[in-house]
Amino acid sequence: MNGGTKRNVGLAVFLLAAVFLGALPSFAYTPLFRTSPDVAYMKLWNLPENAGARKDALRAYFRTVNKDMSEKRAANYAEYVEAAAQQFQVDPFLIASLMIAQSNLVWTAKTRSEYGLMMINWDDNRKWIYREYPNVKNLRILFKPVINIRVGTHILKDNLAKSTHDYDETVERYYSKHSLTFREEVFKNYTNLVALYKEKLAEKK
């Protein structure tokens, strides 16, 4: 085996290992959010005066995704997402898209270590949650949708900051759990929400 072949084999082994270890660098996947006109649109039109249209879009999409969800619960979730987005200055449709992909809007969703709508890792985050949210004393409280969305958005804000606010890198690094399709699912939800938002804005003109 010559030197060039050895280098090619070595690179292939490195990339394969990176896939399984979750260490693929950003050049190894196709950007979705980074090149999306919908993200650019939200940077222009995610304005305070359009909160009503955003909540209308969220409420409608939540009921499309989870057909068992009541109108009241969908409206409540839309309020919680919009409030958390304003508090932490995070794109509300990114919050909602992650929430859908992680829990399918089931507020009691859980794994061995993650809980609620935004699948918060309690073991990894409980120390700072106790400090920042002293009323969240146990898992039962963390499950509450308004609390889970607020804390989950706080975590998302920090993850975005660590990724220079690159949506692709944030989702891939902190949320995909080595799934090859998770980021695509989040992106699909995001683009659907932006399309609905545009419709709601047009209706209000």
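Basis for what follows: all heavy atoms, side chains included, without hydrogens, waters or symmetry-related copies. Numbers here simply count residues along the sequence, with the first being 1. Quick caveat: nothing in here was measured; it's all calculated off a predicted structure.
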Could you check whether K198 makes a cation-pi contact with Y41, meaning its NZ or CZ is under 6.0 Å from the centre of the six-membered ring and within 45° of the ring axis?
yes

Given the rule in the ring pair (Phe, Tyr, Trp, His ring centres under 6.0 Å) test, do W45 and F93 qualify, once you have shown the distances and angles that lead to the verdict?
CA-CA 12 Å; W45 296 105; F93 296 157; over 10 Å; no

Kindly compute the distance separating CG (L160) from CG (D91), expressed to the nearest 0.5 Å.
9.0 Å

Taking all non-hydrogen atoms of both residues, which atom of M118 and which atom of Q102 are closest, and how far apart?
O-NE2, 3.2 Å

Say whether N159 and Y175, considering side chains only, have a donor N or O and an acceptor N or O under 3.5 Å apart.
yes

Which word best sums up how the rings of H154 and F88 line up, parallel for under 30°, tilted for 30 to 60°, or perpendicular for over 60°?
tilted

Shared hydrophobic cluster, L139 / I149 (ILVMFWY, side-chain heavy atoms < 4.5 Å):
yes

Gap separating the CG atom of L58 from the CG atom of L196, nearest 0.5 angstrom:
9.0 Å

With side chains defined as the heavy atoms from C-beta onward, is the minimum distance between M42 and D38 less than 4.5 Å?
no

Is the shortest heavy-atom distance from the side chain of E132 to the side chain of I129 under 4.5 Å?
no

Output the distance between atom CZ (R59) and atom CZ (R73), rounded to the nearest 0.5 Å.
15.5 Å

Distance col, row Y80:OH vs K144:NZ, nearest 0.5 angstrom, shows 10.0 Å

Where is the tightest heavy-atom contact between S97 and V186, given as atom of each residue plus distance?
CB-O, 3.5 Å

Is it the case that the side chain of R54 and the backbone of L47 share a donor-acceptor pair, with hydrogens and angles ignored and the cut-off at 3.5 Å?
yes

Tell me, do Y77 and P145 make a side-chain contact under 4.5 Å, heavy atoms counted?
yes

Hey, do the aromatic rings of W107 and F62 have their centres closer than 6.0 Å?
no

Is the shortest heavy-atom distance from the side chain of F187 to the side chain of Y167 under 4.5 Å?
no

Given N66 and R63, is the side-chain contact (heavy atoms from CB on, under 4.5 Å) satisfied, shown in steps?
CA-CA 5 Å; N66 188 331; R63 295 198 75 199; over 6 Å; no

List the steps, then state whether side-chain contact (heavy atoms from CB on, under 4.5 Å) holds for I147 with N135.
CA-CA 10 Å; I147 298 293; N135 61 315; 3.9 Å; yes

With a 4.0 Å cut-off on N to O distance, would you call E114 and K177 a salt bridge?
yes

Would the distance check show the side chain of E82 and the main-chain N or O of K55 forming a donor-acceptor pair, the cut-off being under 3.5 Å?
no

Enclosure of W128 CH2 (heavy-atom neighbours >12, cutoff 6.0 Å)
yes

Atom CG in L193, atom CD1 in I95: separation rounded to 0.5 Å?
11.5 Å

Side chains of R150 and Q87 in contact at under 4.5 Å (non-hydrogen atoms):
yes

Please determine if K162 and E169 form a salt bridge, counting it only when a charged side-chain N lies under 4.0 Å from a carboxylate O.
no

Do L105 and M99 have side-chain heavy atoms sitting under 4.5 Å apart?
yes

Are M119 and V151 connected into the same hydrophobic cluster when the rule is that any two of I, L, V, M, F, W, Y join if their side-chain heavy atoms are below 4.5 Å apart?
no

What distance separates S103 OG from Y115 OH, expressed to the nearest 0.5 Å?
15.0 Å

Salt bridge (Lys or Arg N to Asp or Glu O under 4.0 Å) partner of D166, the single match among R173, R34, R183:
R34

Any T111 side-chain heavy atom under 4.5 Å of S113 side chain
yes

Could you report the tightest heavy-atom contact between L142 and W122, atom names first, then the distance?
CD2-CE3, 3.5 Å

Flag, side chain of D168 to backbone of L32, donor-acceptor distance under 3.5 Å
yes

Is there a path from L180 to F182 through hydrophobic residues (I, L, V, M, F, W, Y) whose side chains come within less than 4.5 Å of each other?
no

Please check this pair: side chain of N50 against backbone of A53, looking for a donor-acceptor N/O pair closer than 3.5 Å.
no

Give me the atom names and distance for the closest heavy-atom approach of K200 to A57.
CG-N, 4.0 Å

Between N192 and Y61, is any side-chain donor less than 3.5 angstrom from a side-chain acceptor?
yes

